[in-house]
There are 2 protein chains.
Amino acid sequence: MSSISSGSASPRQPRRRAVSKRSLATSLSILNAAERLFAERGYEGASIRDIAKAAGAQVASVNFHHVSKETLFERVVERRASELSKLRLDALAELKQKQQPLTLEALLSAFLRPYLEKAGAGDPQWLAYARLVAMVSAEARWHKISERCFDPTAGVFIAEIAKLFPRVSGSAIAVSFIFSVASMLSLSTSSWRIEALAGGNQQAMDQLANQLIRFCEAGMRATLEA
Amino acid sequence: MSSISSGSASPRQPRRRAVSKRSLATSLSILNAAERLFAERGYEGASIRDIAKAAGAQVASVNFHHVSKETLFERVVERRASELSKLRLDALAELKQKQQPLTLEALLSAFLRPYLEKAGAGDPQWLAYARLVAMVSAEARWHKISERCFDPTAGVFIAEIAKLFPRVSGSAIAVSFIFSVASMLSLSTSSWRIEALAGGNQQAMDQLANQLIRFCEAGMRATLEA
DNA sequence: GACAACATTGAACGATCGTTCAAATTAAGG
DNA sequence: CCTTAATTTGAACGATCGTTCAATGTTGTC
């Protein structure tokens, strides 16, 4: 306290500055490249040098903008997670405003559709992210990120579903919800199988989304309304 | 043909020898250590040095017994895959012998139960393997292993299910089967969540297995008998 | 336009990676 | 028991990893 020249009227903070446009561009291109390479090769499989080269940046720039490899990975996951959560919660809010009471199918649709639409719209960046989410959900190493980014929103939907099944324990509902999320993620992780089956056209993608929602809705109903 | 000194009575092969007991032990302990570490840290995350140390062997022994890191990984996956396939196909054969016609629930149970029982029996080695299977199924890098080790048996069950739904396309059945497998694997990848819910006692594990089978059975039925 | 904060650059750091090697040790076959 | 193949050992290889550094270039702010 006393060592700092306080008391004086001049704030001795070194005066912040606005971020330059160029800086933001490199930071963003690094995030995008990392998103793609992490999804393709995994965390250890994608080196900072590969990411920097794919982003057209220097290796040191990666650490400068994103501190460390682990921080970079977390930022990649977190970036779109908030967008995904917002889409889901918005769909839920719209649902609550429109119809009363809520149906299980509508709730599942509100949760699953944002992911399916983003992952299936053909945006390679979102497709990579979808695979990344599946990776984060599968590997024990990223539990913390998973809890921080996805569990809160999932908890909201689980609570809503619990209202529809008042006599069922919360854990049973959570387990069925986990099955549903796993089925959802399998569309990304098994896309290589599914594309061989569906041919990749958009209509087939929509049918796949519908099939998933019906699968989960029936599965949950069967396990919860015994 | 002609280049080999055939015809002669003396076989010029340098005479094979039986495998020593000690050699087999190290080879096995390396496989077990690799199974655990690959499951815990992923392929790139687990170094050969870590594996050798955990197995009480030398780094060079790993390459001597299992050629390369990639070969080691493949052998780890393949080792129990055949056992798993055998359990599944045996259950199917027993089913076919006992009842006619087959039910969807019985088919799903025959496919899912061997994995659930092995993964849930508490054997840490099998538990690690279960996580490893989930990892192989999720990462694009291991498609080939996945096709070689798991797809043939899965194909048998998909064909059996197809007989129950003659009017449904094979691809629709395959997709629902993928959902079911993903839900099954989620019990391993999300065990950290589920253990927090179920407390880890055996009875809860059995209930989980039943919940999974009912989930998948209802999901498949809903998507296939439209 | 001058100053300071920010950003990029290219090189280097130590650590660890998978693999390979020659020498030493062990065990099977005649 | 003696030969010889199989196995273990410890060290070393080159490559690549994530991170850091000082120097240089580029902006925003007064």
Side-chain angles (χ1 to χ4, degrees), chain A residues 5 9-38 40-77 141-142, chain B residues 9-35 37-38 40-77 141-142:
Chain A
S5 66
S10 70
R12 261 310 70 210
Q13 312 162 34
R15 251 202 306 295
R16 299 301 202 89
R17 284 204 329 200
V19 285
S20 76
K21 188 166 288 186
R22 179 153 167 243
S23 167
L24 214 151
T26 60
S27 170
L28 226 153
S29 72
I30 290 172
L31 277 179
N32 287 336
E35 191 169 60
R36 273 181 281 121
L37 290 182
F38 279 143
E40 280 178 21
R41 314 180 191 176
Y43 178 77
E44 320 277 355
S47 72
I48 285 196
R49 282 172 172 81
D50 291 337
I51 293 171
K53 178 169 287 185
Q58 294 274 0
V59 275
S61 281
V62 178
N63 289 94
F64 175 81
H65 283 284
H66 303 288
V67 186
S68 69
K69 192 184 184 182
E70 194 159 333
T71 319
L72 170 64
F73 184 81
E74 293 179 6
R75 289 188 182 177
V76 166
V77 177
R141 173 169 193 175
W142 310 115
Chain B
S10 72
R12 260 305 76 207
Q13 314 161 30
R15 250 198 307 293
R16 299 301 202 90
R17 286 205 330 202
V19 285
S20 78
K21 189 166 286 185
R22 181 154 167 243
S23 168
L24 214 150
T26 60
S27 171
L28 225 153
S29 72
I30 289 172
L31 277 180
N32 288 334
E35 190 169 61
L37 290 182
F38 280 144
E40 282 179 18
R41 314 179 191 175
Y43 179 77
E44 320 277 356
S47 73
I48 284 195
R49 282 173 172 81
D50 292 336
I51 293 171
K53 177 169 288 184
Q58 294 274 1
V59 275
S61 282
V62 178
N63 289 94
F64 175 80
H65 283 284
H66 302 288
V67 188
S68 69
K69 191 183 184 184
E70 194 158 334
T71 320
L72 171 63
F73 184 81
E74 292 179 9
R75 289 188 183 176
V76 166
V77 177
R141 173 170 192 174
W142 309 115

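Labels below follow one simple rule: chain letters A, B, ... track the order of the sequence lines, proteins then strands, and each chain is numbered from 1. These numbers come from the heavy atoms of this one structure, side chains and all, not from hydrogens, waters or symmetry mates.
Between A:Q58 and C:dT8 there is no side-chain polar atom (N or O) within less than 4.0 angstrom of OP1 or OP2. Contact between the side-chain N/O atoms of B:H65 and the OP1/OP2 oxygens of D:dA6 is not found at any separation under 4.0 Å. OP1 or OP2 of C:dA7 has not a single side-chain nitrogen or oxygen of A:T26 nearer than 4.0 Å. OP1 or OP2 of D:dT27 has not a single side-chain nitrogen or oxygen of A:S23 nearer than 4.0 Å.
Nearer to the 5' terminus of DNA chain C, by closest-nucleotide assignment, is the contact made by A:R22 (compared with the other of B:E70 and A:R22).
Contact record, B:A57 with B:S61: CB-CB, 4.4 Å, taken as the closest heavy-atom pair. When all heavy atoms are compared, the tightest approach of B:L31 to B:L72 is CD2-CD1, 4.0 Å. When every heavy atom of B:T26 is checked against every heavy atom of B:H65, the shortest pair comes out as OG1-NE2, 3.2 Å.
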Restricting both atoms to N or O, compile the protein contacts to nucleotides 14-18 of chain C shorter than 3.5 Å, with distance only.
{"residue": "C:dC17", "atom": "OP1", "partner": "B:S47", "partner atom": "OG", "Å": "3.2"}
{"residue": "C:dG18", "atom": "OP1", "partner": "B:K69", "partner atom": "NZ", "Å": "2.4"}
{"residue": "C:dG18", "atom": "OP2", "partner": "B:I48", "partner atom": "N", "Å": "2.9"}
{"residue": "C:dG18", "atom": "N7", "partner": "B:R49", "partner atom": "NH1", "Å": "2.6"}
{"residue": "C:dG18", "atom": "O6", "partner": "B:R49", "partner atom": "NH2", "Å": "2.8"}

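Between B:L24 atom CG and D:dA6 atom P there is a gap of 15 Å when expressed in whole angstrom units. For B:F64 and D:dA5, the CZ to P distance is 14 Å, given to the nearest whole Å.
Candidate nucleotides D:dT27, C:dT20, C:dT9 were compared by shortest atom distance to the side chain of A:S20, and D:dT27 ranks first.
By the 4.5 Å heavy-atom criterion applied to side chains, B:V76 and B:H66 are not counted as neighbours.
By the side-chain hydrogen bond (donor to acceptor under 3.5 Å, both in side chains) test, A:N32 pairs with A:R79, sequence neighbours left out.
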Would you mind writing out the side-chain donor-acceptor pairs for residues 42-50 of chain B within the sub-3.5 Å range, not counting sequence neighbours?
{"residue": "B:Y43", "atom": "OH", "partner": "B:E70", "partner atom": "N", "Å": "3.2"}
{"residue": "B:E44", "atom": "OE2", "partner": "B:R141", "partner atom": "NH1", "Å": "2.3"}
{"residue": "B:S47", "atom": "OG", "partner": "B:D50", "partner atom": "N", "Å": "3.1"}
{"residue": "B:S47", "atom": "OG", "partner": "B:D50", "partner atom": "OD2", "Å": "3.1"}
{"residue": "B:D50", "atom": "OD2", "partner": "B:R41", "partner atom": "NH1", "Å": "3.0"}

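Checked by distance alone, A:R17 brings a side-chain donor or acceptor within 3.5 Å of a matching partner on the base of D:dT27.
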